[in-house]
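The sequence lines fix the lettering, A, B, ..., with proteins before strands; numbering per chain opens at 1.
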Protein chains: 2
Amino acid sequence: MPLDTSDSELLAVRAAELYYEENKTQDEIGAILRITRWKVGRLLAQARERGIIRIEIVHPRARRLGLERDLAARFGLTDAVVVPAPLDDVELQSRVAEAAADYLVSMRPVPRLLGLSWGRTLHQVAESLPVGWSTGVNVVQLNGGVSLSKRPGTAAATATMIAQKAGGEATLLPTPAILERLETKRAIEGDRTVGGVIQLARTAHAYLFSAGPADTSSVHVDSGYLTADDIARLVERGAVGDVLGRYITADGEIADPELDARTLGLGLDELRAAKRSILAVGGESKHAVARAIVTHGLCSVLVTDEHTARFLLGRDIDADPLTDDTDPTAPREDTP
Amino acid sequence: MPLDTSDSELLAVRAAELYYEENKTQDEIGAILRITRWKVGRLLAQARERGIIRIEIVHPRARRLGLERDLAARFGLTDAVVVPAPLDDVELQSRVAEAAADYLVSMRPVPRLLGLSWGRTLHQVAESLPVGWSTGVNVVQLNGGVSLSKRPGTAAATATMIAQKAGGEATLLPTPAILERLETKRAIEGDRTVGGVIQLARTAHAYLFSAGPADTSSVHVDSGYLTADDIARLVERGAVGDVLGRYITADGEIADPELDARTLGLGLDELRAAKRSILAVGGESKHAVARAIVTHGLCSVLVTDEHTARFLLGRDIDADPLTDDTDPTAPREDTP
DNA sequence: TGGCGCGTTGCTCACATGAGCAACGGTCGC
DNA sequence: GCGACCGTTGCTCATGTGAGCAACGCGCCA
């Protein structure tokens, strides 16, 4: 039992109880504890510092502003959105998606043309967006997304849903994500319609995309573009995951240039050059690819979960959430 | 997704984050969220009401003032002390003991003579008391406590330790708790010394006692006064536990008058008549006996844990700790 | 169309609170 | 024993905040 602290600490606890649980004024507390109201104020300040008083915001849409600030500062992001991690992994995905949807809704200036990738996460974003989330926002797909096997058309559905809900038009890229032969890819690319879509994608005001892990749970394996063997080969080459269907290494480089050449859609450099590129990614399996993306400037806005955020910042699971330096030296833009 | 609430609720969450995590002023938050500062204040009030903002005092010596107030009101107690329940049961015991010690220290007017029972809990109370916790407080034992088997002398040690630490004298009752034969008990009681101690006990300014469950974990079984069979018989007669060595039923009556007649020490009626009788009891096994005591006026001050408190109030484990009606219609005495 | 009632909004004002400052008291080295 | 120093205390004052109130908009029904 720490004797030196117990004096003021116990008093601080009593003061905190009376202040926060009993809604008494500091003056009243002073009268009860027989100390001056200024001392009460100081005790409360101490209690807050020492973490005796824990204030938590319990809500599915809550965010972690401290982590957001840290992420933005560390990786030079325009913005970051961090949602508290729920226990459930499925819940986590949908919270990230919801947060991304919120971000889209409140984004200013409103992007007249939104470039869109596809995948599980983005489909959830589309579902989370309210009807009429904006007016006249058009959508263009950034990479091919005709599914070869299960769930045909989700890529197209995602894009059209987002556009529809904002009263806009969706321009689809109705091609495979990865072609078997380079010639085929070049030929399709050369097609005026397809070429036009990619050209249009380059003019988008904002990009919204996700990322996939380099493992067999990847949507590319699901869709039949890649086999488990292909993934294993990519991992050998250092791939950590994919962005717009392009597999990258931890260094942010293309893992397999040959494969990449057969991948249809916007290139990584074009993504990197974009002013507003929003990455929505959550879950432990995507930590590595998320790190590759943020450390190499492939996104300007990051929407993610608390665990991923801590991973990216180097302080893993633990780290007291209360020890967030509320130092206003790094003021950020408002993101209401 | 609740659409009607999301408007103000989401806004409230954002406001709460900025207010509690970022230490922004309501005015600043208003500027960020583009609402007036009054609306911010109202949103925060709403968030607090709805339990979106959870404020918790994380400290071993923390207390639950809301429950204390409720207990005092419900059972007509002079005072109540409720400590938050830790996961560990051993920890719980020592927290209750610590709280009882705190209560003793700050009790006003200082009792010049303190009547004392004995047991595991009270021994911990004695240990928790700081040296010099008061000046010149004498202690008198309330019931016999010579252990027949293990841990001889703890009863005496408890009393002397409490007295010593306050620079006072301890008057012991060096007799068995329960006698085998009624005649023996009467004979001992008739002894001038023993009779004098009991007489002295009747003049104590305050009583501090605990309670034991009516099961084989009872200190009476440990000490060899009762056998497991005895306990079983008592339970059959409706016993829920013991106070000052006397087993009582849920109705607050003596479970076995014959046994009780052989039990040495202060009687229950004398305890009930006392102005300041402090019961320190914690743990699930003692819920029943605690209820018997508080519902039948056998104590005027209750020191216990959160679970027991909720049990006594009828709202078991659950019950949102934030939904404590902070209605100041039942003002209580100060217990700094 | 015009009252009526209800919830919401922006305001005034009084009170609660935190920052900053001077005075105090205890401790240490000389 | 004496003065410098550091942490603590009680204060002033500016700012932050909540209660209470009038005005407003809105839906409802006559």
Taking only residues two or more places apart in sequence or in another chain, which ones pass side-chain contact (heavy atoms from CB on, under 4.5 Å) with B/Lys165?
B/Leu129, B/Val131, B/Trp133, B/Met161

Who pairs with B/Tyr19 by side chain to side chain donor-acceptor pair (under 3.5 Å), at least two apart in sequence or on another chain?
none

When the distance from CZ of A/Arg37 to C1' of C/dG18 is rounded to whole Å, what number comes out?
10 Å

For A/His205, side chain to side chain donor-acceptor pair (under 3.5 Å) partners two or more places apart:
none

Span of DNA chain D in contact with chain A (heavy atoms, under 4.0 Å)
D/dT9 to D/dT12

Sequence neighbours excluded, the answer for side chain to side chain donor-acceptor pair (under 3.5 Å) partners of B/Glu28 is none

Judged by nearest nucleotide, the residue sitting upstream toward the 5' end of DNA chain C, B/Lys39 or A/Leu44, is B/Lys39

Is any side-chain N or O of B/Trp38 under 3.5 Å from a base N or O of C/dT8, one able to act as donor and the other as acceptor?
no

With sequence neighbours excluded, tell me which residues meet side-chain contact (heavy atoms from CB on, under 4.5 Å) with B/Gln93.
B/Thr121, B/Gln124, B/Lys286

